[in-house]
Amino acid sequence: MAAEPTPQDRLIFALDVPDLASAVHHIKTLGGSVGCFKVGLELFTRAGPEAVRAVHDHSDAGVFLDLKLHDIPATVQRAVHAAREHKVRFLTVHCSGGERMLEAALKATGPDLQLLGVTVLTSMKSNDLDPALGYTDGLTVHELVMDRMLMSRDVGLTGFVCSAEEVEDIKKQSGGPILTVVPGIRPADKTVLQDDQSRVATPTRAIELGADYLVVGRPIRDAKDPKDAAARIVDEIAHALKA
Ligand code: C5P
């Protein structure tokens, strides 16, 4: 059985920075404080696989490649295959891509790579599920998360990105071991200017609800002392795990 992740392993820092030099700066500063660095759309579009290599070259942390793949099955399968060459621990695909796309993604994965299904973005709330966009009238985000999780789990996906609010139900309804990775984390003493996140929780609350990994970007990146901000979150995770 795999060892339990430590509080530090559970913290994923989102490298939401505009260029490789800033990424390297953050990797060097936070390398000993977080379990993983998340390379997302902004950095990958600018720096490509160099950004992933920078994490491997300057830290012992893992890489979470957050490409949120959503395309025809063959393209997604080939993209997952390509991502494995970069030795990444986590890779995201959109659950809304449907069964055939997820099956294709799973075909290309392996024991070294955990695929994570993005259920519903944490920036979305029930009001955003406009029937004009094809959503059933009255559908809530919570219901949509559960529907997508169950469909994806039946295909074989065992990891999900969701908000803290859905973790308990996902674990209850999935009927097997499921990994949850939770963004939208906001420490109680930190506010984010012009925040676009809707379904948010403190690190303590997310861990209490059963989250396995927490994704934190701006509350660390924009802190006066990012290393201290990360250390405080790791402490909070450790406390919550003991409670
Ligand atoms: O700055 P903040 O802590 O809001 O960063 C959250 C990170 O998690 C961003 O990089 C965002 O792309 C990512 N994310 C998310 N919601 C998802 C999946 C990923 O916020 N459902």
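Of the possible donor and acceptor atoms, one in the side chain of T92 sits under 3.5 Å from a partner among the backbone N and O of L67.
Under 4.0 Å is where a charged nitrogen must lie from a carboxylate oxygen, and between K171 and D169 no such pair does. Under a 4.0 Å N-O distance rule, the pair R100/E103 does not qualify as a salt bridge. Here D19 does not pair with R46 in a salt bridge; the nearest charged N to carboxylate O distance is not below 4.0 Å. A salt bridge links D196 to R218: at least one charged side-chain nitrogen sits closer than 4.0 Å to a carboxylate oxygen.
Annotation: side chain of S174 is in contact with side chain of M149 (closest heavy-atom distance under 4.5 Å). Two residues are said to be in side-chain contact when any heavy atoms from C-beta on lie closer than 4.5 Å; L214 and I12 fail this criterion. A heavy-atom distance below 4.5 Å is found between the side chains of P187 and I233. The closest side-chain heavy-atom distance from C95 to V118 is not below 4.5 Å. Using a 4.5 Å heavy-atom threshold, the side chains of V182 and V215 count as separate. Using a 4.5 Å cut-off on side-chain heavy atoms (C-beta onward), V17 and R221 make contact. Counting heavy atoms from C-beta outward, L157 and R153 have side chains that stay 4.5 Å or more apart. Looking at V80 and L113, their side chains come closer than 4.5 Å, going by heavy atoms from C-beta outward.
Heavy-atom neighbours of D60 CG from other residues, nucleotides or ligands within 6.0 Å: at or below the threshold of 12. More than 12 heavy atoms of other residues, nucleotides or ligands shown are found within 6.0 angstrom of NE2 on H56.
Residues V88 and L20 fall into different hydrophobic clusters, defined by Ile, Leu, Val, Met, Phe, Trp and Tyr side chains chained together at heavy-atom separations under 4.5 Å. At a threshold of 4.5 Å between side-chain heavy atoms, the hydrophobic network of Ile, Leu, Val, Met, Phe, Trp and Tyr places F13 and V200 in two separate groups. L30 and V24 fall into different hydrophobic clusters, defined by Ile, Leu, Val, Met, Phe, Trp and Tyr side-chain heavy atoms under 4.5 Å apart, directly or through other members. Note on L144: it clusters hydrophobically with M101, by side-chain heavy-atom contacts below 4.5 Å among ILVMFWY residues. When hydrophobic clusters are built by joining Ile, Leu, Val, Met, Phe, Trp and Tyr residues whose side-chain heavy atoms come closer than 4.5 Å, directly or via intermediates, L209 is not grouped with M146.
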(request) Evaluate side chain to side chain donor-acceptor pair (under 3.5 Å) for T109 paired with Q114, printing each intermediate quantity in order. (result) CA-CA 8 Å; T109 193; Q114 169 82 54; over 6 Å; no
### Task
Determine, step by step, whether F160 and I178 satisfy the side chain to side chain contact (heavy atoms under 4.5 Å, CB included) criterion, reporting the C-alpha distance in whole Å, the side-chain angles of both residues, the deciding distance to 0.1 Å, and the verdict.
CA-CA 8 Å; F160 292 95; I178 289 280; 3.7 Å; yes
Derivation of the side chain to side chain contact (heavy atoms under 4.5 Å, CB included) call for M124 and L129
CA-CA 8 Å; M124 291 190 74; L129 305 181; 3.9 Å; yes
Start with the C-alpha gap between V192 and D222, add the side-chain angles, then the distance that decides, and say whether side chain to side chain contact (heavy atoms under 4.5 Å, CB included) holds.
CA-CA 8 Å; V192 168; D222 299 342; 5.5 Å; no
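T122 and Q197 share a side-chain donor-acceptor pair at under 3.5 Å.
Rounding to the nearest 0.5 angstrom, the gap separating the NE2 atom in H142 from the CG atom in D147 is 10.5 Å. Going from atom OG of S152 over to atom CG of L102 covers 5.0 Å, rounded to the nearest 0.5 Å. To the nearest 0.5 angstrom, E4 atom CD is 5.0 Å from R10 atom CZ. To the nearest 0.5 Å, atoms CZ (F37) and CG (L65) are separated by 15.0 Å. Here the CD-NE2 distance, from E50 to H86, works out to 10.5 Å after rounding to the nearest 0.5 Å. Note: S163 OG to I170 CD1 = 8.0 Å, rounded to the nearest 0.5 Å.
Residue E143 is tested with L139, V141, V145 for a side chain to side chain contact (heavy atoms under 4.5 Å, CB included); the sole match is L139.
Every residue two or more places apart in sequence or in another chain that forms a salt bridge (charged side-chain N to carboxylate O under 4.0 Å, His left out) with R84 is listed here: D112.
Scanning both residues, A230 and V34, for their nearest heavy atoms gives CB-CG1, 4.4 Å.
Ring-plane geometry between H70 and H94 is classed as tilted, the angle between the planes lying from 30 to 60 degrees on a 0 to 90 degree scale.
Here the two rings, on F64 and Y213, have centers that are 6.0 Å apart or farther.
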